[in-house]
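Here the structure is a predicted model, which is why all the values come from computation and not from measurement.
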Amino acid sequence: MNTLYKKHIKISLFILIAISFTNCEKEALQSLPDRDWELVWSDEFTGEEGTLPDPSKWSYDIGNGENGWGNQELQYYTNRAQNISLDGNGNLQITSIRENYQGYSFTSARIKTQDLFTQTYGKIEARIKLPFGPGIWPAFWMLGADIESVGWPNCGEIDIMELRGNQPHIIHGSLHGPGYSAGNAITKAFGLKDSRFDMNFHQFAIEWDKDKIDFFVDNYLYNRVTREDIPHTWVYDKPFFIIFNIAVGGNFVGFPTTDTQFPQKMLIDYIRVYKTK
C-alpha cells in the first residue's frame, strides 16, 4: 500500500467520523427540561363491554363528510356500539366493518371532544393499539375549535399520530395550516424496528407551547416543529379539540384490497391531557 493511498484512507476516515458527530441532532433533542405537568382532563375508558363512551366527554361525526369534511374516504361513520364502544377491559374500541350501510360499503366511527373540551398548550397523550392493512387509516389528532368560523386549514390541524395501514410499522406526526396543508403539511415519520404498531400498545403524545410542538412515541421525541419552522402563519395559540377515528380509503392511504382483513379495531387504553403547573 503506497503512502498516498494510506493518506487518502486517513482523510476519508476523518471525514466519516466528523459527519457521524454532526448527525447527532436526534440525541440532542432528548435532553429535555423537567416538566411539571398537572392532569386537567382524561378518559380511562372503564365500563361494561358494549357501553358507548361518556357523552359528557365525546360526540360524533356521523356520515361520510357530506357537510364538507373528509378525504374521499369510503366509510360511513356511525355512533353504533358495533363501531364504537368500551370493550370491558379498560379500552375504547373503534371498529371498521365491511358491510352495506346507508349506501356505503364500510362503517367506522369518528369521535371528538368538539364543544365539550378544548385545550391550548400542554401535553396530550394516548396509549393505543392500531389496526393495519391496505386502505386502513387510523388517526389521533386535533382541530382548531374555530373551524366553524374560519374553515380548514385556517383553523389549524395537529396530527399527533396517523398511520397508513399498508405500512404498519410507521406512524406520522404532522401540522396543517394556511399555506402548508394536505400534501404540503409539515410532517415527519417514525418507524419501529422489528415490530409493528398493531402488535402492541404504544404511547403517542405531543408537548405544545407558544413556541413549538414536540412529537413523541413511547416518550421518545422524534420531531420538533418551532414557530420559526412554519413557512406561513402559526395558528397554534388557541383552543383545539381532540379526535379519534379509523378511516377506510382516502387520499392518504388509497383503496382497501383483497388482502385487507375486516373487521379492523383501534384500541385506546386512555387519553390524558396535562398543563404545566
Side-chain angles (χ1 to χ4, degrees), residues 40-43 52-80 83-84 92 94 102-104 107-126 137-162 172-187 204 206 208-210 213 225 227 230-252 266 268 271-275:
V40 295
W41 187 89
S42 67
D43 199 336
L52 294 179
D54 186 345
S56 71
K57 296 180 177 180
W58 301 101
S59 61
Y60 306 87
D61 280 321
I62 304 296
N64 184 261
E66 293 86 351
N67 295 322
W69 46 267
N71 296 279
Q72 310 299 316
E73 300 157 20
L74 305 176
Q75 80 292 321
Y76 191 95
Y77 286 126
T78 86
N79 59 355
R80 304 179 304 162
N83 294 117
I84 184 157
L92 176 64
I94 298 178
Q102 299 293 330
Y104 293 87
T107 60
S108 189
R110 175 161 143 164
I111 192 169
K112 59 185 182 178
T113 66
Q114 187 176 20
D115 300 326
L116 297 170
F117 172 79
T118 61
Q119 180 75 7
T120 306
Y121 309 143
K123 179 177 181 178
I124 299 93
E125 69 173 9
W137 182 3
F140 165 35
W141 51 301
M142 305 178 75
L143 283 173
D146 58 353
I147 186 171
E148 299 295 339
S149 59
V150 303
W152 186 92
N154 292 328
C155 64
E157 176 179 327
I158 305 171
D159 297 328
I160 303 173
M161 177 284 305
E162 57 184 344
H172 302 260
S174 309
L175 297 180
H176 300 256
Y180 53 99
S181 62
N184 294 317
I186 297 173
T187 186
F204 307 97
I206 59 165
W208 165 28
D209 61 35
K210 64 183 181 63
I213 300 177
V225 181
R227 185 183 289 265
I230 299 296
H232 297 280
T233 306
W234 174 270
V235 288
Y236 309 101
D237 293 321
K238 60 186 178 183
F240 277 63
F241 62 89
I242 299 165
I243 306 171
F244 290 104
N245 71 291
I246 304 176
V248 180
N251 49 26
F252 184 66
M266 178 179 181
I268 306 160
I271 167 76
R272 296 170 185 163
V273 180
Y274 304 83
K275 67 177 183 181

*Determine whether Phe244 and Met266 make a side-chain contact, defined as any pair of heavy atoms from C-beta on separated by less than 4.5 Å.*
yes
*asked:* If we check side chain to side chain contact (heavy atoms under 4.5 Å, CB included) with Asp43, which of these qualifies: Thr113, Ile271, Ile268, Leu92?
replied: Ile271
*Any side-chain heavy-atom pair from Lys112 and Met142 closer than 4.5 angstrom?*
no
*Short side-chain to backbone donor-acceptor contact, Arg110 and Tyr60, under 3.5 Å*: no
*asked:* Quick one about Asp159 and His176 (side-chain donor to acceptor, distance below 3.5 Å, no hydrogens or angles considered), yes or no?
replied: yes
*Only one of Tyr274, Tyr236, Phe240 forms a ring pair (Phe, Tyr, Trp, His ring centres under 6.0 Å) with Trp208, so which one is it?*
Phe240
_Validation row: Leu143, Trp152 side chains within 4.5 angstrom (heavy atoms)_ = yes
_Distance check, rounded to the nearest 0.5 Å: Phe252 atom CZ versus Glu73 atom CD?_
11.5 Å
*asked:* Can you confirm whether Pro53 sits close enough to Ile111 that some side-chain heavy atom of one is under 4.5 Å from a side-chain heavy atom of the other?
replied: yes
*Do Ile242 and Ile160 touch side chain to side chain, with heavy atoms closer than 4.5 Å?*
no
*Between Glu148 and Gln114, what is the shortest heavy-atom contact and its length?*
OE2-NE2, 3.5 Å
*asked:* Taking the side chain as everything from C-beta on, heavy atoms only, tell me whether Asn71 gets closer than 4.5 Å to Trp137.
replied: yes
*Mind checking the NZ-OH spacing from Lys275 to Tyr121? Nearest 0.5 Å is all I need.*
14.0 Å
_Whether Asp209 and Lys123 form a salt bridge (side-chain N of Lys/Arg under 4.0 Å from carboxylate O of Asp/Glu) is what I want to check._
no
*Start with the C-alpha distance between Phe241 and Leu116, add both sets of side-chain angles, then the distance that settles side chain to side chain contact (heavy atoms under 4.5 Å, CB included), and finish with yes or no.*
CA-CA 8 Å; Phe241 62 89; Leu116 297 170; over 6 Å; no
*How close do Asn154 and Val150 get, heavy atom to heavy atom, and via which atoms?*
ND2-O, 3.5 Å
_Has Asp54 got a side-chain atom pairing as donor or acceptor with Ser56's backbone, closer than 3.5 angstrom?_
yes
*Tyr77 pairs by side chain to side chain donor-acceptor pair (under 3.5 Å) with which of Asn245, Asp61, Asn64?*
Asn245
*asked:* Determine whether a donor-acceptor pair (N or O, by modelled atom type, separation under 3.5 Å) exists between the side chain of Gln75 and the backbone of Ala247.
replied: no
*Are side-chain heavy atoms of Phe117 and Val273 found at a separation under 4.5 Å?*
yes
*Evaluate the ring planes of Tyr76 and Tyr104, with Trp represented by its six-membered ring, and classify them as parallel (under 30°), tilted (30 to 60°) or perpendicular (over 60°).*
tilted
*For the residue pair Ile186 and Pro231, what are the closest heavy atoms and their distance?*
CD1-CD, 3.5 Å
*Measure the CH2-OG1 distance between Trp41 and Thr118 for me, rounded to the nearest 0.5 Å.*
11.0 Å
*Considering only NZ, NE, NH1 and NH2 on the basic side and carboxylate oxygens on the acidic side, decide whether Asp146 and Lys238 come within less than 4.0 Å.*
yes
*Flag yes if more than 12 heavy atoms outside Lys57 fall under 6.0 Å of its NZ atom; otherwise flag no.*
yes
*So among Thr187, Val235, Ile213, Ile206, which one has a side chain to side chain contact (heavy atoms under 4.5 Å, CB included) with Leu175?*
Ile213
*asked:* Would you say Ser108 and Asn83 are linked by a side-chain donor-acceptor pair, where the criterion is simply a distance under 3.5 Å?
replied: no
*Trp141 and Glu162 side chains, donor-acceptor separation under 3.5 Å*: no
_Are Ile243 and Phe140 packed together at the side-chain level, in the sense that at least one heavy-atom pair is separated by less than 4.5 angstrom?_
no
